[in-house]
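Input: a single structure, listed below in structure tokens.
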Amino acid sequence: VAVLGQDLGYGDTLVVQVALVFFQIGYQTFMSGKWHLGKDRENWPDKNGFDQFYGTPAGGGIYFYPSLFYKREVFWNGKRMEPDSTWYSTDAFTDYAINYIVNDREKDKPFFMYLPYIAPHFPLQAKKEDLVKYKETYTLGYDAIRDRRIEKQRELGLVTIHVKASQPTFPPWHLVPNKEEEALKMAVYAAMVDCMDQNIGRLLHVLEEEGLKDNTVIFFLSDNGAANTSFNKTPQAEIGTRYSNASYGAWHNVSNTPYQKYKATEHEGGIITPMIVYGLDHFQGKTVRNPAHITDFMPTCLELASVEYPQSYNSLSLDPLDGKSLLPLIDGTESHEKRYFFWEHQGNKAVRQGDWKLVALHNKEWELYHITSDPYELNDLSKERPGIVMEFKGKYDQWTKKHGVQPWPLKE
């Protein structure tokens, strides 16, 4: 989602956000949660197509109020709020979403809702009633939990049974000096996920009570990759409380089981994202393993609403969408085998087409993987298949020029 008419220094890019398109065709549009596309007032959701907005326009990092470590404020339609000491962002975001569905929306009009939770993310902060469930769960250590997850993933058919997982990057548990603190970090993280799960359940229950369950499509997906950030800036505070500012460090490799790397990289551990689609009855119970991209959500939502993306806005021509609707991918009429996907973040980069993926860390050599047979990127084939490397590098260079990708680190 890009800002309308933003001058990026390499030519004007003109696009409109998905909420604005829905708003203009008569949908009600509502957002509750984390906004991270510019903290200036003109960039807030209610200035970019959303009827109403409750949340934090300057990013995440807040669970309890006030935010002690990150300068985060809470707003409702532009008015600053002062929540009380019982406020917890995951609950509050859901409360406002539910209130909108039950009380604020016009019942005879369709609606588009965006509900981006902050959880789970640092700082690790959870409610006591959620944390108590997991106090002992992770005392087994990194290895045992990761092995259990691999086994469960294989049982569920989520990963290939005969392919070995990537090697762990965490130290052996018996060599970890502060086991109790390490186990507590993951327990808090789990409690934060548990709270989010409870709130999604609350929302689904309300949709059912309001008679909307069978006429609503829900996309649920995670953020990109677990973060390998490791710190505890408040060693005097108990981890998990509102006074604690810590991250879960080595546990990121457990969260990313069985993939390599982490958030900000373009290896699978940094970009692969699980997603659940709810409400498309004729696709119920179906698993799709073909690659897709976050840019596909806008054309998918527009197709569901039988709406064409506009060619112009306020008499100005718009750039066409990069994404493609996911519906043909889900029903099996398309495979995306010939489609190229591109990524770049902080100098880390990747290209994928079909079974092949070219990927590199910042200032490192390109690596080539046959991603279908080697999903955990263990066997670099760049030396054996130089032709594919050259082809993909050329495609990547074309893409960076088209989209104005700047060298990292960015210059002032």
Side-chain angles (χ1 to χ4, degrees), residues 31-36 54-56 58-76 80-102 114-140 145 178-207 220-223 226-227 229-249 251-252 254-255:
M31 178 187 160
S32 181
K34 168 190 172 182
W35 184 255
H36 210 177
Y54 176 81
T56 57
I62 177 173
Y63 298 100
F64 296 105
Y65 191 89
S67 174
L68 300 178
F69 310 106
Y70 301 87
K71 294 181 180 180
R72 301 291 183 258
E73 296 177 332
V74 181
F75 290 86
W76 171 233
R80 182 181 173 185
M81 308 295 285
E82 288 291 344
D84 61 27
S85 60
T86 65
W87 189 90
Y88 189 76
S89 63
T90 309
D91 297 331
F93 295 160
T94 311
D95 289 343
Y96 273 77
I98 288 174
N99 180 71
Y100 178 80
I101 292 171
V102 175
Y114 178 43
L115 181 56
Y117 292 109
I118 295 171
H121 202 287
F122 58 77
L124 297 173
Q125 297 180 358
K127 296 184 294 181
K128 290 182 179 179
E129 59 267 33
D130 297 324
L131 178 56
V132 70
K133 306 174 191 177
Y134 302 98
K135 276 282 191 177
E136 303 301 321
T137 304
Y138 300 100
T139 57
L140 295 173
I145 299 299
N178 52 343
K179 294 182 180 62
E180 184 176 341
E181 180 178 296
E182 282 299 294
L184 178 59
K185 289 178 180 179
M186 192 64 201
V188 175
Y189 189 90
M192 295 162 76
V193 175
D194 188 310
C195 181
M196 180 177 61
D197 192 43
Q198 295 173 48
N199 278 280
I200 293 168
R202 289 174 57 209
L203 186 65
L204 290 173
H205 180 67
V206 167
L207 288 173
F220 174 80
L221 66 158
S222 77
D223 197 355
T229 312
S230 182
F231 63 82
N232 184 0
K233 299 179 182 179
T234 53
Q236 74 285 357
E238 182 181 357
I239 290 175
T241 66
R242 67 175 69 232
Y243 308 105
S244 169
N245 186 10
S247 63
Y248 75 163
W251 287 103
H252 80 272
V254 180
S255 288

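If you read the sequence from its start, that first residue is 1, and numbering goes on from there.
Counting heavy atoms from C-beta on, the side chains of Val132 and Lys128 never come closer than 4.5 Å. Contact annotation: the side chain of Ile239 never approaches that of Tyr248 to less than 4.5 Å [non-hydrogen atoms, C-beta and beyond]. At a threshold of 4.5 Å between non-hydrogen side-chain atoms, the residues Leu68 and Asn245 do not count as touching. Between Phe122 and Phe69 the shortest side-chain heavy-atom distance does not fall below 4.5 Å. Two residues are said to be in side-chain contact when any heavy atoms from C-beta on lie closer than 4.5 Å; Tyr63 and Met192 meet this criterion. A heavy-atom distance below 4.5 Å is found between the side chains of Ile98 and Arg202.
Taking the centre of each ring, Phe64 and Tyr88 come in below the 6.0 Å mark. Aromatic rings of Tyr189 and Tyr138 (six-membered ring for Trp) have centroids beyond the 6.0 Å cut-off, not under it.
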When you look at Val74 and Glu82, which way does the side-chain contact (heavy atoms from CB on, under 4.5 Å) test go after all the steps? CA-CA 7 Å; Val74 181; Glu82 288 291 344; over 6 Å; no
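Minimum heavy-atom separation, Lys34 to Gly59: CG-C, 3.8 Å. Between Val206 and Ile101, the shortest heavy-atom distance links the atoms CG1-CG2, 4.0 Å. Between Pro235 and Lys233 the shortest heavy-atom distance is CD-C, 3.4 Å. The two residues Ser230 and Ser247 have their closest heavy-atom pair at CA-OG, 3.3 Å. Scanning all heavy atoms of the two residues, the minimum distance from Ser255 to Ala226 falls at CB-CB, 3.7 Å. Nearest approach of Ser89 to Ile62, heavy atoms of both residues: OG-O, 3.0 Å.
One side chain, Tyr134 or Asp194, offers a donor N or O that lies under 3.5 Å from an acceptor on the other.
Between atom CG of residue Asp197 and atom OG1 of residue Thr90 there is a gap of 11.5 Å, rounded to the nearest 0.5 Å. The distance from atom CZ of Phe220 to atom CG of Leu115, rounded to the nearest 0.5 Å, is 10.0 Å. Between the OH atom of Tyr117 and the SG atom of Cys195 there is a distance of 8.5 Å, given to the nearest 0.5 Å. Taking CG from Leu203 and CZ from Phe93, the interatomic distance works out to 14.0 Å, rounded to the nearest 0.5 Å. Interatomic distance, OH of Tyr243 versus CD of Gln125, reported as 10.5 Å (0.5 Å rounding). Rounding to the nearest 0.5 angstrom, the gap separating the CZ atom in Phe231 from the CG atom in Leu124 is 7.5 Å.
More than 12 heavy atoms of other residues, nucleotides or ligands shown are found within 6.0 angstrom of CD on Glu129. Within 6.0 Å of the CD atom in Gln198, the count of heavy atoms belonging to other residues, nucleotides or ligands exceeds 12.
The aromatic rings of Tyr96 and Tyr54 sit parallel, their planes meeting at an angle under 30°, below the 60° perpendicular limit.
Using modelled atom types, no side-chain atom of Ser244 and backbone atom of Thr241 make a donor-acceptor pair closer than 3.5 Å.
The residues Glu73 and Lys71 are annotated as not salt-bridged, no charged nitrogen and carboxylate oxygen being separated by less than 4.0 angstrom. Classification of Glu182 and Lys179 as a salt-bridged pair fails, no side-chain N sitting under 4.0 Å from a carboxylate O.
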